[in-house]
Amino acid sequence: MVARELLGTVLEYTTPAGRVAGRIVETEAYLGPHDPASHSAAGLTPRTRWLFGRPGTAYVYFIYGRYWCFNAVTQPVGVGSAVLVRALEPIDGLARMRRRRPLARRDRDLTNGPGKLCAALGLDGSLNGHLLSRAPLVIRRGDEIPDARVVVTPRIGLTKAAEWPHRYFVRDNPYVSPTPVAFPRVAYG
DNA sequence: CATTTGATGTTCT
DNA sequence: GAACATCAAATGC
């Protein structure tokens, strides 16, 4: 599963304002049209245009009237499958992240949620459709995370398919978003 | 620490 | 008109 493979890779955004980067420590897989929780379940709409694009495309959407969420498309054109990046461990540009997230009290609060990390990095809808193999926004190889350090749970915040176990995170990493207490946690593999 | 609640506006029905 | 892949503040331990 690509969502698991993305753990440990580095998301890096370079603009005239500077460079910000973080290690991906939490992801969620959204499958194709047969996944009721995926935006692709509703078919092709103006919003989901880039979700149905080629693998490695950025799919960025606006939610709850305030926040952007960043995804990487993972399946061939027309399928509509993507991985939501839910948390980063900051690597570079910490000062810029703090300026963009003035309400974050602790550094771990800068990027431990999908809306938070987009705000910290400055990601928004202008990046929709961008290919992640090229500047200014790239995902590059980082640390390999052993299977023994990967935990699987249901996805957060869903009403449909709420029990499907497609959330992955790095065990004991302080930058992972809080796991709801009632969630089952399963070792990967 | 855990749980609850209000804010916010786009998207699709 | 309802739903929504969220967040932060407030509350009760």
Side-chain angles (χ1 to χ4, degrees), chain A residues 1-7 11 22 24-53 55 57-75 79-88 90 97-130 132 139 151-170 172-185:
Chain A
M1 180 67 59
V2 181
R4 182 261 178 274
E5 292 164 6
L6 278 175
L7 293 178
L11 181 63
I24 296 175
V25 295
E26 178 182 350
T27 58
E28 281 178 356
Y30 287 86
L31 283 41
H34 301 299
D35 176 358
S38 172
H39 292 170
S40 58
L44 181 61
T45 68
R47 176 175 67 162
T48 59
R49 172 177 175 189
W50 297 109
L51 174 56
F52 287 95
T57 298
Y59 169 53
V60 186
Y61 66 90
F62 195 59
I63 191 69
Y64 293 113
R66 288 181 127 82
Y67 307 105
W68 295 100
C69 289
F70 168 79
N71 298 250
V73 174
T74 57
Q75 292 289 313
V79 175
S81 180
V83 170
L84 172 69
V85 176
R86 285 197 53 91
L88 299 176
M97 294 186 196
R98 293 190 186 109
R99 277 199 297 278
R100 288 174 170 141
R101 299 244 327 121
L103 298 181
R105 302 196 173 276
R106 309 165 298 178
D107 281 349
R108 61 191 288 186
D109 297 319
L110 292 170
T111 52
N112 64 347
K116 297 177 189 179
L117 72 90
C118 283
L121 268 58
L123 307 182
D124 62 26
S126 69
L127 290 159
N128 231 329
H130 171 76
L132 295 165
I139 292 178
V151 182
V152 185
T153 78
R155 297 172 291 187
I156 290 181
L158 302 187
T159 57
K160 297 175 245 179
E163 73 291 353
W164 291 21
H166 292 315
R167 171 173 176 256
Y168 302 81
F169 65 86
V170 179
D172 296 331
N173 186 291
Y175 294 90
V176 170
S177 75
T179 300
V181 286
F183 271 22
R185 304 156 195 245

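Numbers restart at 1 for each chain; the letters A, B, ... are given by sequence-line order, proteins then strands.
Between the NE2 atom of His39(A) and the P atom of dC4(C) there is a distance of 9 Å, rounded to whole Å. Going from atom CG of Leu103(A) over to atom P of dT6(C) covers 18 Å, rounded to whole Å. Rounded to an integer number of Å, the gap from Phe62(A) CZ to dA3(C) C1' is 15 Å.
Residue Arg47(A) is classed as a sugar-phosphate contact, given heavy-atom separations below 4.0 Å to backbone atoms only. Tyr67(A) comes within 4.0 angstrom of a base, heavy atoms only. Within 4.0 Å (heavy atoms only), Asn71(A) reaches at least one base atom of the nucleic acid.
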Worksheet item: Are Leu44(A) and Phe52(A) close enough, and set up right, to give a side chain to side chain contact (heavy atoms under 4.5 Å, CB included), and what steps lead you there?
Response: CA-CA 7 Å; Leu44(A) 181 61; Phe52(A) 287 95; 3.7 Å; yes
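Looking at the side chain of Leu158(A), the nearest of the listed nucleotides dA9(C), dC12(B), dA5(C) is dA5(C). Among the nucleotides dT8(B), dA8(C), dC12(B), the one closest to the side chain of Arg66(A) is dT8(B). Considering only side-chain atoms of Pro114(A), the nucleotide from dT6(C), dA8(C), dC12(B) that sits closest is dT6(C). Taking only side-chain atoms of Val181(A), from C-beta outward, the nucleotide of dC7(C), dT10(B), dT3(B) with the closest atom is dT3(B).
For the pair Arg101(A) and Thr159(A), nearest-nucleotide mapping onto DNA chain C gives the more 5' position to Thr159(A).
Not a single donor-acceptor pair under 3.5 Å links the side chain of Glu28(A) to the backbone N or O of Val83(A).
The aromatic ring of Tyr30(A) sits over the base of dA5(C), with ring centres less than 5.5 Å apart and planes tilted by under 30°.
Cation-pi check for Arg155(A) over Tyr30(A) is met; the charged atom lies under 6.0 angstrom from the ring centroid and within 45 degrees of its normal.
For dA5(C), its base sits under 3.5 Å from the side chain of Tyr61(A) at one donor and acceptor pair at least.
Checked against the 6.0 Å centroid threshold, His39(A) and Tyr61(A) count as a close aromatic pair.
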